[in-house]
> 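There's a structure below that I have some questions on.
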There are 2 protein chains.
Amino acid sequence: MPAAPPEWSDLRVFLAIARARSLGGAGRRLGQSQPTMGRRLRALEEAVGAKLFQRSSSGFSLTDEGEIMLRHAEVMEAEALALARELTGRDGSLEGVLRLTCSDWFGRIMLAPVIAEFQRLSPAVVVELLTDARIYSLARREADLVIRIASFDEPEVIARRLVTIGYGLYAKPGCWLPVAGDGAGCPLVVMDTGFGAMPDVAWLTRTFPKAHIAARSNNRDVQAQLCALGVGLAVLPIPLGDATAGIEKVELVSDPPSRDNWLGFHRDLRQLPRLRAFVDLLVARLSSR
Amino acid sequence: MPAAPPEWSDLRVFLAIARARSLGGAGRRLGQSQPTMGRRLRALEEAVGAKLFQRSSSGFSLTDEGEIMLRHAEVMEAEALALARELTGRDGSLEGVLRLTCSDWFGRIMLAPVIAEFQRLSPAVVVELLTDARIYSLARREADLVIRIASFDEPEVIARRLVTIGYGLYAKPGCWLPVAGDGAGCPLVVMDTGFGAMPDVAWLTRTFPKAHIAARSNNRDVQAQLCALGVGLAVLPIPLGDATAGIEKVELVSDPPSRDNWLGFHRDLRQLPRLRAFVDLLVARLSSR
DNA sequence: CATTACTCATTCATTTTTGAATGGATGCCT
DNA sequence: AGGCATCCATTCAAAAATGAATGAGTAATG
């Protein structure tokens with residue numbers, strides 16, 4: 001039962017398998033095939049002289065030796081990622097890919113004009129905008145720049161308040177005229193429950209305790225669309241509501257709470273010219289509003 | 001100038017090249033060929049989009065990017081080594097390879113009998129004894145067990161005093177009869193200068209200030225042999241001197257200082273049965289003397 | 001119970017990687 | 001200056017790794 005030094009690239013394969021809990025899934029993530037993953041894993045297990053996964057009908061699960069390997073492989077991966085970041089951080093040219101993530105409506109309404117302008121200013125930079133509910137990892141470089149409502153805890157992330165977004169209650173004109181403090185008979189379009197307690201939802205239920213929920217979505221664009229189609233009232237970011245045809249802001253004594261939007265990127269990329277240039281433009285165009 | 005995530009196995013190649021400062025040397029160390037090393041390095045440089053080495057006539061030297069990569073690759077290597085150690089440390093069987101290093105004479109005179117006995121007791125363990133002047137790294141697992149005169153500083157090494165070795169002055173019978181405090185006309189065989197100030201050399205020059213040095217060697221066995229061939233007097237470990245035919249210990253008012261020999265192994269291997277078994281036998285056979 | 005959508009293992013043709021051999025350049029020692 | 005060793009780049013045949021296809025097993029779904 002010898003424990004020969006494992007091939008480093010096989011450790012990456014191991015990591016992918018441990019995360020995907022399947023050979024096919026790991027292969028997809030690594031851009032390789034399922035048979036290859038199986039063979040590399042077998043080779044790795046033979047090299048270290050121990051089974052790393054328990055093959056059960058419900059996928060692969062780590063053995064004790066696999067747990068040990070996972071811990072160390074994760075440290076190695078963190079180091080490899082730090083290396084990649086530090087090297088791209090040194091790239092002095094205004095070219096390459098810049099990957100951003102934010103919420104759907106924010107990307108469409110707020111970011112798209114800035115991206116278009118940036119594209120004219122720096123044609124060699126390819127901006128890649130991903131709108132997705134899941135949180136992208138700056139450490140893993142799943143994204144270079146994240147814009148979101150919550151601030152950032154991680155010390156390695158440079159965060160900055162970008163813009164405060166006001167929220168308002170929107171309705172299809174002539175449909176309902178809700179009364180603050182009541183709201184009986186008013187249908188509401190609200191955030192998906194998966195998102196937990198959002199301030200605007202709390203404000204809604206407090207302001208219109210007798211209203212009922214007509215639809216939910218995790219997508220603000222969808223909410224706005226539903227509102228325009230007459231499904232119900234919706235609390236929307238004001239830039240989105242104003243940009244949506246067919247709905248109007250309902251003026252009330254109190255508006256929903258506004259929210260700060262933050263941007264964040266990894267320390268190691270703070271010298272990256274294309275990132276700096278984009279952030280500068282972003283701040284110039286959005287902070288003033 | 002994109003900085004794609006580098007292939008992990010290429011990072012190992014990079015490390016070897018950075019250390020050997022040549023493609024051929026790196027290939028030898030990794031058990032691969034020189035063209036392969038060149039191609040892998042080229043692929044790595046293309047992947048990260050930066051030259052990693054400055055090719056000069058006097059070998060490869062690291063660029064700034066190379067220095068960055070070296071730092072991170074070394075962290076990854078340390079982690080891979082820790083992984084390998086932790087996995088072998090879990091190997092519960094009394095089989096496999098056990099790699100030891102010590103000084104030449106100590107291996108021949110002191111260890112060989114113990115190894116022979118251990119081989120009879122545990123035939124499935126292959127003991128590998130390397131006698132070499134250079135210091136083997138326990139962290140890199142160049143050796144599982146080190147025996148040497150100096151103790152160990154590293155916190156991850158488990159050290160233990162094994163045996164105290166007395167030293168004596170040896171001579172070919174009838175050749176010289178040195179007088180303590182003088183020693184005029186007496187030729188000496190001493191340790192190589194590369195080893196710096198050794199206590200027995202200091203003792204020699206203090207006891208026989210007028211003696212002259214006839215030969216040097218970094219190898220105690222060679223010193224004993226030279227002494228037996230009549231080249232000169234030598235301070236030798238008593239077990240070695242007594243075991244060498246043709247020389248006798250010269251009795252003096254004061255003997256050279258004796259020295260403690262220490263053994264050390266890595267924490268991660270402390271549960272390794274074959275190591276425990278060998279250390280136990282070693283202590284039983286040598287500590288009593 | 002059949003269907004569908006997953007798994008993973010095996011096979012085999014193809015692609016990629018590898019190393020021995022060779023040539024040329026450079027430094028070192030006699 | 002000649003001889004010798006060592007370095008790297010290139011070539012090309014052999015070896016190794018790969019992926020599409022296939023089969024078989026399992027769990028969820030209708």
Side-chain angles (χ1 to χ4, degrees), chain A residues 2 4-67 69-70 73 76 80 134, chain B residues 2 4-63 65-67 69-70 73 80 134:
Chain A
E7 191 59 37
W8 285 18
S9 56
D10 286 344
L11 292 177
R12 236 177 114 235
V13 169
F14 166 83
L15 259 185
I17 297 174
R19 283 172 181 152
R21 279 182 298 278
S22 83
L23 298 182
R28 244 164 279 136
R29 179 174 288 265
L30 260 53
Q32 294 196 304
S33 70
Q34 166 260 320
T36 297
M37 306 307 278
R39 280 183 293 239
R40 304 282 293 267
L41 175 60
R42 178 151 28 92
L44 182 61
E45 291 185 326
E46 279 166 15
V48 302
K51 279 244 167 304
L52 297 169
F53 291 97
Q54 203 57 46
R55 274 82 165 171
S56 75
S57 55
S58 61
F60 285 31
S61 64
L62 286 165
T63 61
D64 290 355
E65 287 81 5
E67 294 281 2
M69 180 163 287
L70 179 61
M76 292 180 70
R134 68 177 277 261
Chain B
E7 191 59 37
W8 285 18
S9 56
D10 285 346
L11 292 176
R12 236 177 114 234
V13 169
F14 166 83
L15 259 186
I17 298 174
R19 284 173 180 151
R21 276 182 299 278
S22 85
L23 299 182
R28 247 164 276 136
R29 179 176 285 266
L30 260 54
Q32 294 195 304
S33 70
Q34 165 260 319
T36 297
M37 306 307 278
R39 279 183 294 239
R40 304 285 292 268
L41 175 59
R42 178 153 27 93
L44 182 61
E45 289 185 326
E46 278 166 16
V48 302
K51 280 243 166 306
L52 297 169
F53 291 98
Q54 203 58 46
R55 275 82 163 171
S56 75
S57 55
S58 59
F60 286 31
S61 65
L62 287 165
T63 62
E65 287 80 5
E67 295 280 0
M69 180 164 288
L70 179 62
R134 69 178 276 261

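Within every chain, numbering begins at 1; the chains are lettered A, B, ... in the order of the sequence lines, protein sequences first and strands thereafter. Quick note: numbers below take in every heavy atom, side chains included, and nothing from hydrogens, waters or symmetry partners. Computed from a predicted structure; not experimentally measured.
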> Within the pair B:Thr36 and C:dT18, is there a side-chain N or O less than 4.0 Å away from OP1 or OP2?
no

> Judged by each residue's nearest nucleotide on DNA chain D, which is more toward the 5′ side, B:Ser22 or B:Arg39?
B:Ser22

> To the side chain of A:Pro35, which of D:dT10, D:dT18, D:dA20 is closest?
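Comparing D:dT10, D:dT18, D:dA20 against the side chain of A:Pro35, the answer is D:dA20.
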
> Any base atoms under 4.0 Å from B:Gly38, or only sugar-phosphate, or nothing? Heavy atoms, all strands.
nothing

> Reckon B:Arg28 has a side-chain N or O less than 4.0 Å from the OP1 or OP2 of D:dC7?
yes

> Remember a base hit wins even if backbone is also touched, and classify A:Arg42 as base, sugar-phosphate or nothing at under 4.0 Å, heavy atoms.
nothing

> So among B:Lys51, B:Arg40, B:Met69, which one has a side-chain contact (heavy atoms from CB on, under 4.5 Å) with B:Glu45?
B:Lys51

> Could you tell me whether A:Arg19 atom CZ has more than 12 heavy atoms of other residues or ligands within 6.0 Å of it?
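Counting other residues, nucleotides and ligands, CZ of A:Arg19 exceeds 12 neighbours.
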
> May I ask you to say what A:Gln34 touches in the nucleic acid, namely base, sugar-phosphate or nothing, with a heavy-atom cut-off under 4.0 Å?
base

> Starting from C1' on C:dA9, measure out to CZ on A:Arg40 and report it in whole angstrom.
18 Å

> Could you check how far CD of A:Gln32 sits from C1' of C:dT14, rounded to whole Å?
16 Å

> Does D:dC7 have its OP1 or OP2 closer than 4.0 Å to a side-chain nitrogen or oxygen of B:Arg55?
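So the side-chain polar atoms of B:Arg55 never come under 4.0 Å of the phosphate oxygens OP1 or OP2 of D:dC7.
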
> Please evaluate residues B:Glu7 and A:Arg12 with respect to the criterion side-chain contact (heavy atoms from CB on, under 4.5 Å), reporting the C-alpha separation (whole Å), side-chain torsions for both, the decisive distance (0.1 Å), and the verdict.
CA-CA 9 Å; B:Glu7 191 59 37; A:Arg12 236 177 114 235; 3.9 Å; yes

> Measure the distance from CZ on B:Phe60 to C1' on D:dC8 and round it to the nearest whole Å.
7 Å

> For the CG atom of B:Leu62 and the CD atom of B:Glu67, what is their distance to the nearest 0.5 Å?
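Result: 4.5 Å between the selected atoms.
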
